[in-house]
J.: 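Below is one structure. I have some questions about it.
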Amino acid sequence: MDAVSRGFAGLSLDVFTKSMSSTGTGGGLANAIVGSLIQVGIGSMIGAPLGMMVGVYLSEVGKTSRFASIVRFVNDILLSAPSVLIGLFVYQIAVAPFKGFSGIAGAIALALLAMPVVARTTEDILRLVPQAYRDGAIALGSRENEVVRKVVLPAAFGGILTGILLAVARIAGETAPLIFTSLGNSNWSTDLTKPMASLPIAIYRYAGSPSADLIQLAWTGALLITVGVLLLNVISRISLAAVKRGQS
Amino acid sequence: MSEPAPQSDRIPSIALRAPAPANAAAPLSPTRIDVRNVNAFYGAKQALFDVNLHIPDNAVTAFIGASGCGKSTLLRCLNRMNDTIPGARVDGQILMDGVDINSADIDAVSVRTRIGMVFQKPSPFPMSIYDNIAYGPRTHKLTSSKAELDELVERSLRRAALWEEAKDRLDKSGLGLSGGQQQRLCIARALAVSPAVILMDEPCSALDPVATAHIEQLIEDIRKHTCIVIVTHSMAQAARISQITAFFNMGQLIESAPTADLFTAPKLEQTQDYITGRFG
């Protein structure tokens, strides 16, 4: 509730047009907003398809095989791993070797967080698709990949989309994996190879600052994340309803 | 009175269990599927024991028998649906038009394209009526233009006696149809790829009597051009719609004969007991 009331109080054009101030007062969140959009966007675009592939493999191909059990186990570990560890891992592979924090490293960390969520929900949803659809498609002479592409995935589309949005919502609010990867940046930057600002890190920095201005901006940032995730959900529900109407 | 009764022309006679007696009448309708010494296993459990059966073209062959007798297993062997079940194994030969469908150089997908299947529970895909019918033709690229596909969809729906009910809602979901309509949609879907054989696994068991009558009429129409094999629990249904009936028990084919003969004068006591309801 505080995020809404206090966040609204600080909303102004400056928030969206000005970058974060390095002097301690004033400024906006424009660079953090864009940085978050870029990193969450790239993270989702990498993590969601990978997760879907893993989910499809587990449900339709591997099933109860030994390798599938191992993949499922590893995925579950990844699912419950603290996000700070994911951040450290990506630091090892994508920051340290290149001697620099970067937006792309942040996106990779977010992708690693999104992937297991999408994989798990995809597998669960695909298992709910009636076997009769698969049998029907096989009996019509479909190959395995056609059964999955043309019948099973479309039937599970709504559920998979929900899973992806859950994952996006989760990574949009992640702070810890970004601290060691994209670091944060007070200045405007869309260069993926340089440190990049993001809303969660801006909130994290500003919330602990002594300046009332900056604390206000932290509240506003929190509101923006909340509203963004909410909007994403609403849009997906509307588009899902439109898809369903098209089917019935 | 040496002339045969007129109706016996309509009912093809068929070779019985192998080894067939030397004087067995030759089938009038050519054999479409020839089942030879087929054994089927699910893991260590044997589900079919040395089944031999000729399934004639342009006729309805009904498989009857108690649950678990192997009739559905044999049906699923005929289009290699058992391949999809882990641990399932079939030996012996199933010849379709003289070619063994289980031989190594035959692709299961091509077998299933020529042998359609309708399941017990009506199960249209969760897509429009049009897309349900168009699924097979699109998968196998049977048509080259939208107009051609439109025509094939209409023809298939007409053959399944669903066109009048569905023509104004082709873009609506197939799941919005009634159970009987859904089953006819599934039959239309199978017909759209012009299979030589259609297998039906208790297609009416989930339907009311009116819908069942519709489907039975439909089967009677289709069988003029197609070989149909139907598994049914209703002996009345087998008697109504089939020309050949095969009775299974405990994984063995007990007796197969022209339907009229099997129901009026079964050769074996076991068959007699089953069709008169005195079965275990």
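Every value quoted in this text rests on a predicted model; they were computed, and no experiment measured them. Throughout, protein chains are lettered first and strands after them, A, B, ... in sequence-line order, and every chain is numbered starting at 1.
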J.: Side-chain contact, heavy-atom cut-off 4.5 Å: B:T84 with A:I138?
T.: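 With C-beta onward as the side chain, the pair touches.
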J.: Between A:L140 and B:A190, what is the shortest heavy-atom contact and its length?
T.: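 Distance-wise, the nearest heavy atoms are CD2-CA, 4.1 Å.
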J.: Would you say that more than 12 heavy atoms from the other residues, nucleotides or ligands in this model lie under 6.0 Å from the CD of A:E144, or not?
T.: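 Incorrect, the count does not exceed 12.
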J.: If I compare all heavy atoms of A:G141 with all of B:T139, which pair ends up nearest, and what's the gap?
T.: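 What the structure gives for the nearest pair is O-CG2, 4.3 Å.
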J.: Count the heavy atoms of every other residue, nucleotide or ligand shown that sit under 6.0 Å from CZ of A:R237, and state whether that count exceeds 12.
T.: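 No, the 6.0 Å shell around CZ holds no more than 12 heavy atoms from other groups.
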J.: What heavy-atom pair brings A:A139 and B:M117 nearest, and what distance separates the two atoms?
T.: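 Closest heavy-atom pair between A:A139 and B:M117: CB-CB, 3.8 Å.
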J.: Within this structure, what is the CZ-CD distance for the pair B:F119 and A:Q131, rounded to the nearest 0.5 Å?
T.: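 Between B:F119 CZ and A:Q131 CD, I get 9.5 Å after rounding to 0.5 Å.
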J.: Between B:P86 and chain A, which part of the residue has a heavy atom less than 4.5 Å away: side chain, backbone, both or neither?
T.: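 Answer is neither: B:P86 stays 4.5 Å or more from chain A.
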J.: Check the surroundings of atom CZ in A:F8: do more than 12 heavy atoms from other residues, nucleotides or ligands lie under 6.0 Å from it?
T.: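 Counting neighbours around CZ of A:F8, 12 or fewer heavy atoms of other residues, nucleotides or ligands fall under 6.0 Å, so no.
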J.: What residue in B:D83, B:V109, B:V118, B:T113 has the most heavy-atom pairs under 4.5 Å with chain A?
T.: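 Between B:D83, B:V109, B:V118, B:T113, the count favours B:V109.
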J.: Can you tell me if CZ on B:F41 sees more than 12 non-hydrogen neighbours from other groups inside 6.0 Å?
T.: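 Result for CZ/B:F41: enclosed.
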J.: Quick one: do A:D135 and B:K121 satisfy salt bridge (Lys or Arg N to Asp or Glu O under 4.0 Å)? Show the steps, please.
T.: CA-CA 11 Å; A:D135 286 348; B:K121 195 169 160 286; over 6 Å; no
J.: Is the count of non-hydrogen atoms from other residues, nucleotides or ligands lying under 6.0 Å from A:Y57 atom OH greater than 12?
T.: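 Buried by this count: over 12 neighbours within 6.0 Å.
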J.: Please state whether the side chain, the backbone, both or neither of B:R189 comes within less than 4.5 Å of a heavy atom of chain A.
T.: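 Backbone plus side chain of B:R189, per the 4.5 Å heavy-atom cut-off to chain A.
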J.: Which heavy atom of B:P124 sits nearest a heavy atom of A:Y133, and at what distance?
T.: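 In this case the closest contact between B:P124 and A:Y133 is O-CE2, 3.3 Å.
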J.: Quick check on B:I115 against chain A: is it the side chain, the backbone, both or neither that has a heavy atom closer than 4.5 Å?
T.: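 Backbone of B:I115 only, per the 4.5 Å heavy-atom cut-off to chain A.
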J.: Specify the closest pair of heavy atoms between B:F125 and A:G136, including all atoms of both residues, with the distance to one decimal.
T.: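 Closest heavy-atom pair between B:F125 and A:G136: CZ-C, 3.8 Å.
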J.: Are any non-hydrogen side-chain atoms of B:D131 and A:K150 less than 4.5 angstrom apart?
T.: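 SC-SC contact between B:D131 and A:K150 ruled out.
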J.: Select, from A:P130, A:A132, A:A137, the one with the greatest count of heavy-atom pairs under 4.5 Å involving chain B.
T.: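 Sorted descending by pairs with chain B, the first entry is A:A137.
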